[in-house]
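Not measured: the values here are computed from a predicted model.
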Protein chains: 2
Amino acid sequence: MIFSGDLTPGSRLPSETELASQFGVGRQTIREALRLLELSGFVIMRKGGAGGPIIVDTILNTLANSFLDIFRMGRITIDELTTARTEIEKVVLVYTFKSIDESDIHALQDNVLKAKAKLEDGIQAFEENVQFHKLLAKASKNHVFVAVMESIITMVAHFRSLLGADLALSERATLEHTQILDALVKGQKKLGLELLEKHLLYIDGRFKEFSSEQAATASNNDLSGTLRPDES
Amino acid sequence: MIFSGDLTPGSRLPSETELASQFGVGRQTIREALRLLELSGFVIMRKGGAGGPIIVDTILNTLANSFLDIFRMGRITIDELTTARTEIEKVVLVYTFKSIDESDIHALQDNVLKAKAKLEDGIQAFEENVQFHKLLAKASKNHVFVAVMESIITMVAHFRSLLGADLALSERATLEHTQILDALVKGQKKLGLELLEKHLLYIDGRFKEFSSEQAATASNNDLSGTLRPDES
DNA sequence: TCACATTTGTCCGTATGTATC
DNA sequence: AGATACATACGGACAAATGTG
């Protein structure tokens, strides 16, 4: 029913006990089935009066968390990550140039404005800097690109968050985002691609510096993090 | 412990009852925790004497299933899928040319030989044709590319399996795989890229024919499939 | 602010099917 | 072929959380 669209986000399923009697099985069986749906990103469980299993759509989150698991297992090096990110984002940007529309541009402009406001207050615009690239992918209007980029960017953001704050980095990133957005608005495809490549090259360079510094100081084993960090 | 490498595939965890008493919780709580690990691709549950929760590594499978969920929800059109597949695979092939080694070539040769053997017997080499592209990605030696391509190819294969058998298509695919492999062996990068592009263009064209034919005949709603089809 | 109904979260005990030795 | 170990499933019960009146 979820696949066919009969159940859309916001719909509320019957309670566990009701589902159990409807299907003629025990509550534990229903619970594990609901747990599967929850982990697949199709429902969330809310306690209390108006609670119960509620249809949601957090599959992109689930997908990104799967990628994060691979990263956390140490099977992906920072070099592999940045290489793949750069190559794929370049390809996606070509389609973004083809398909971008007014609302995309507005969202991107809003993003850099918010980032600049934060920087004015002396705090780094980490979330906005990450979000900028997700918005770029969305503007390509290809859901596969969106899903892939969302996952890769999430891994990059996870790695970035492991390295403390860096106001200067966020400032430079925001500036370069502004330039890329400007090229997008003006339809300067070649310039936009060059700017993106330079931008990613710089960011990746800083990442590699960071990771070698970190490797030199301590053996950060990242066991403090939860398994499912952010279900926003 | 899985992330840090203390638990590697093949390790066996204590039984549910033992884990429950170790952590001071009930069995159902342990069961749901194990279910989470199972769905995340970290363990499988085996019944019987030497059974119990066993550490495995099927995260790529979990990842691909997440993508499949998005596809099944109808959020990805066949056009978006083939476009993204073509663009990303072209990028990956560049890295495959850089990093391919003897064992990769051997695996690819083995693949086309098996495919030809099947075709000789008059049966289509569906699995081998799919596997060829996964092997190409593996030869890039970039785990992000591997994960992304594995997922995309799985979606393509899922869609392909919805359209009945087609011996001629499999024959042509195998032939073109042979040519691409030949270019790889000889290091003819430009030729290889051209061959891949032509190959994907043809396959995608057939897919679009198929899907328009299908749309004309019946409203296939794909509800017969299981939620978690292949946990090989 | 307080009580109440609803629903999930967790627990225990028990029974059964099943794979392995 | 039988014993064993284990997951799977059921029913009943209570605690905790959450929204409503």
Can a side chain N or O of [X] be found less than 4.0 Å away from OP1 or OP2 on [N]?
{"X": "Thr29(A)", "N": "dC10(D)", "answer": "yes"}
{"X": "Arg31(A)", "N": "dT8(D)", "answer": "no"}
{"X": "Arg35(B)", "N": "dT8(D)", "answer": "yes"}

(message) Can you tell me how the ring of His133(B) sits relative to the ring of His177(B), calling it parallel under 30°, perpendicular over 60° and tilted otherwise?
(response) perpendicular

Euclidean distance, atom [atom1] of residue [X] to atom [atom2] of [N] [Å, nearest integer]:
{"X": "Phe23(A)", "N": "dA9(D)", "atom1": "CZ", "atom2": "P", "value": "14 Å"}
{"X": "Ile30(A)", "N": "dT8(C)", "atom1": "CD1", "atom2": "C1'", "value": "14 Å"}
{"X": "Glu38(B)", "N": "dA7(D)", "atom1": "CD", "atom2": "P", "value": "11 Å"}
{"X": "Glu16(A)", "N": "dT7(C)", "atom1": "CD", "atom2": "C1'", "value": "8 Å"}
{"X": "Leu34(B)", "N": "dT8(D)", "atom1": "CG", "atom2": "C1'", "value": "13 Å"}
{"X": "Met45(B)", "N": "dA19(C)", "atom1": "CE", "atom2": "P", "value": "15 Å"}
{"X": "Glu18(B)", "N": "dA5(D)", "atom1": "CD", "atom2": "C1'", "value": "12 Å"}
{"X": "Glu32(B)", "N": "dA9(D)", "atom1": "CD", "atom2": "P", "value": "13 Å"}

Legend entry - Test log, rule salt bridge (charged side-chain N to carboxylate O under 4.0 Å, His left out), inputs Arg35(A) and Glu38(A): CA-CA 5 Å; Arg35(A) 182 74 65 222; Glu38(A) 189 178 29; 2.5 Å; yes

The single option from Lys134(A), Lys138(A), Lys141(A) that satisfies salt bridge (charged side-chain N to carboxylate O under 4.0 Å, His left out) with Asp104(A) is Lys141(A)

Judged by modelled atom types alone, do [X] and [Y] share a side-chain donor-acceptor pair under 3.5 Å?
{"X": "Asn142(B)", "Y": "Ser140(B)", "result": "no"}
{"X": "Asp79(A)", "Y": "Thr77(A)", "result": "no"}
{"X": "Asp204(A)", "Y": "Thr86(A)", "result": "yes"}

**Presence of salt bridge, Lys118(B) and Asp121(B), under 4.0 angstrom** = no

By ring pair (Phe, Tyr, Trp, His ring centres under 6.0 Å), Phe71(A) pairs with (sequence neighbours left out) His158(A)

N/O contacts under 3.5 Å, protein versus nucleotides 16-21 of chain D?
unit_1  : atom_1 : unit_2   : atom_2 : d
dT18(D) : O2     : Gly49(A) : N      : 2.7

Test side-chain contact (heavy atoms from CB on, under 4.5 Å), reference Pro14(A), set Arg12(A), Glu18(A), Glu16(A), output is Glu18(A)

Interface polar pairs with nucleotides 11-15 of chain D, N/O, under 3.5 angstrom:
unit_1  : atom_1 : unit_2   : atom_2 : d
dA13(D) : N6     : Arg27(A) : NH1    : 3.3

- Message: Classify Pro53(B) by what it touches in the nucleic acid, base, sugar-phosphate, or nothing, heavy-atom distance under 4.0 Å.
- Response: sugar-phosphate

